[in-house]
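We name chains A, B, ... by the order of the sequence lines, and we start the count at 1 in each one.
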Amino acid sequence: MPELPEVEVTRCGIAPALVGRRLASADFRVPALRYPLPHAERPAFVGRQLQSIQRRGKYLLLDFGNGHLLVHLGMSGSLRLLTADMAAQKHDHVDLVFGADHDKIILRLRDPRRFGALLWLPGEPWAHPLLKTLGIEPLTEDFDAEWLKRTLAGLKAAIKPTLMDSHRIVGIGNIYASESLFRAGIDPRAAAGKISLNRLARLVAEIKATLTAAIAAGGSSLRDFIHSDGSSGYFQQQYFVYGRSGEPCRRCGKPIRELRQGQRATFFCAHCQR
DNA sequence: CCGACAACCTGTGAGC
DNA sequence: TGCTCACAGGTTGTCG
């Protein structure tokens, strides 16, 4: 599920309830997700007060002062808050229990496919291999047409899978890559290194607008992070092309086409995107 | 460095 | 209804 907007919405949904609270205990019900979980007798973060929750790309970093819990939701992960004891379901793999017994709040991680991750990073987190190789944040001022032109220079690969490479740009997954390229009028098969500066400027603007709108859409239902099924707030946007193979383009009415790029489905309008 | 591919894992929906 | 197959919004690692 989660691309940058979903992760950011999650961060905004859980942070107000958790920051400043003490982590009372942690329950890990499986040995590993993508990587082994921190199964120590008493992990270093237990008993510590949560200082902040940051996002970097699709990662969340929970700062406990003496280190960070790094969380990635993979393809199928979700986080939600519980204020009462609710039995863990089949794929509820991790509970982080915050606060005292009479006033506790549980952060529960569900992840059916277990492509997600939860790692303890003692001390300085940014040197970690998973974080130090990450690309630019698309919602910063540094991400502009000139930066993108430089980054794509000489690349023969198609623009769409290149946009999804988190070592270049973080946070753009399969949905928002297709959506941004449609909004920018760029063919997803276009060679990344051959797109003009003007068109890249349009692409940068549309990436920012697409991600921002998706965050706003999710943000409108933040209350659902408590007592929800964990899937709320994500899917309410109307997509221009994603998942609309064969349906009429919302701009020109011609059928949306689907193709495969790097094992992933791409959706586009051959009339509006050239 | 680039680009193509398999791998990790479970659930779901389409088609027979 | 039940089976099989392809595919699912991510990322790493390996290979040429």
Side-chain angles (χ1 to χ4, degrees), chain A residues 1-10 29-37 55-60 70-79 88-94 109-119 128-135 138 150-182 188-194 207 210-211 213-215 217-218 229-246 256 258-268:
Chain A
M1 307 179 187
E3 300 186 31
L4 185 152
E6 290 75 26
V7 177
E8 180 63 16
V9 167
T10 298
R29 301 188 186 86
V30 290
L33 298 175
R34 167 181 270 277
Y35 308 109
L37 291 166
R55 180 189 58 75
R56 174 77 174 98
K58 296 170 187 167
Y59 290 95
L60 291 174
L70 183 69
V71 179
H72 195 289
L73 299 177
M75 295 269 269
S76 59
S78 62
L79 290 168
Q89 304 296 299
K90 186 174 181 186
H91 298 299
D92 292 340
H93 302 310
V94 176
L109 172 62
R110 172 177 296 181
D111 186 6
R113 289 178 74 182
R114 283 186 263 151
F115 285 0
L118 187 150
L119 292 171
H128 191 277
L130 292 176
L131 295 178
K132 75 177 179 193
T133 57
L134 289 179
R150 258 182 281 128
T151 299
L152 301 182
L155 289 184
K156 290 181 191 167
I159 183 64
K160 191 262 191 172
T162 303
L163 282 184
M164 294 169 61
D165 180 356
S166 64
H167 300 110
R168 295 194 165 88
I169 309 167
V170 296
I172 304 175
N174 206 32
I175 294 179
Y176 297 117
S178 281
E179 291 296 305
S180 299
L181 286 166
F182 171 82
R189 299 163 295 186
K194 289 197 163 182
I207 287 170
T210 303
L211 295 177
I215 291 170
D229 65 359
S231 63
S232 56
Y234 287 176
F235 314 108
Q236 295 160 6
Q237 319 121 48
Q238 247 204 353
Y239 298 133
F240 282 105
V241 289
Y242 184 82
R244 300 192 63 243
S245 188
I256 298 300
E258 176 175 356
L259 53 84
R260 304 231 125 228
Q261 294 180 293
Q263 330 277 84
R264 311 300 296 277
T266 296
F267 301 88
F268 72 112

- A/Ile207 and A/Leu163: side chain to side chain contact (heavy atoms under 4.5 Å, CB included), yes or no, with the steps? CA-CA 10 Å; A/Ile207 287 170; A/Leu163 282 184; 4.0 Å; yes
- Side chain A/Arg34 and base C/dT12 donor-acceptor under 3.5 Å: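 Flag unset: no donor-acceptor pair detected.
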- Is any N or O donor-acceptor pair between the side chain of A/Arg114 and the base of B/dC9 shorter than 3.5 Å?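 Side chain to base: no pair present.
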With a cut-off of less than 4.0 Å, is there a side-chain N or O of [X] near OP1 or OP2 of [N]?
| X | N | result |
| --- | --- | --- |
| A/Arg168 | C/dT11 | no |
| A/Gln263 | B/dA4 | no |
| A/His167 | C/dT11 | no |
| A/Tyr242 | C/dG9 | yes |
| A/Lys58 | C/dT11 | yes |
| A/Arg264 | C/dG9 | yes |
| A/His72 | C/dG10 | no |
| A/Lys90 | B/dT10 | no |

Distance, rounded to the nearest Å, where [X] contributes [atom1] and [N] contributes [atom2]:
| X | N | atom1 | atom2 | answer |
| --- | --- | --- | --- | --- |
| A/His91 | B/dC8 | NE2 | C1' | 15 Å |
| A/Phe115 | B/dC9 | CZ | C1' | 5 Å |
| A/Leu33 | C/dT11 | CG | P | 15 Å |
| A/Arg110 | B/dT10 | CZ | P | 16 Å |
| A/Asp165 | B/dC5 | CG | P | 16 Å |

- Closest to the A/Lys156 side chain, choosing from B/dG3, B/dC9, C/dG9: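 It is B/dG3.
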- Message: Quick check for you: among B/dG3, C/dT12, B/dT10, whose closest atom lies nearest to any side-chain atom of A/Ser166?
- Response: C/dT12
Give me the distance, rounded to whole Å, that separates [N] from [M] when you measure between the [atom1] atoms they each carry.
| N | M | atom1 | answer |
| --- | --- | --- | --- |
| C/dG9 | B/dA14 | P | 16 Å |
| B/dC5 | C/dC7 | P | 14 Å |
| C/dC3 | B/dC9 | P | 24 Å |

Spell out, as yes or no, whether a donor-acceptor pair under 3.5 Å connects the side chain of [X] to the backbone of [Y].
| X | Y | value |
| --- | --- | --- |
| A/Glu8 | A/Arg55 | no |
| A/Arg264 | A/Pro161 | no |
| A/Thr210 | A/Tyr176 | no |

- 5′-ward residue of the pair A/Ala153/A/Gly262 relative to DNA chain B: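 Closest to the 5' end, via its nearest nucleotide, is A/Ala153.
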- Do the side-chain N and O atoms of A/Thr266 and A/Gln261 include a donor-acceptor pair separated by under 3.5 angstrom?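 Yes, a side-chain donor-acceptor pair sits under 3.5 Å.
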- Using the ring-ring contact (aromatic ring centres under 6.0 Å, His included) rule, pick out the option among A/Phe268, A/Tyr239, A/Phe267, A/Phe240 that qualifies with A/Phe182. A/Phe240
- Task: Name the pairing partner of B/dA14, where a pair is Watson-Crick or G-U wobble with both distances under 3.5 Å, or state none.
- Result: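 For B/dA14, the partner nucleotide comes out as C/dT4, under the 3.5 Å rule.
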- Message: Heavy atoms only, 4.0 Å cut-off, all strands: where does A/Leu155 land among base, sugar-phosphate and nothing?
- Response: sugar-phosphate
- Sugar-phosphate, base or nothing in reach of A/Ala265, heavy atoms under 4.0 Å: sugar-phosphate
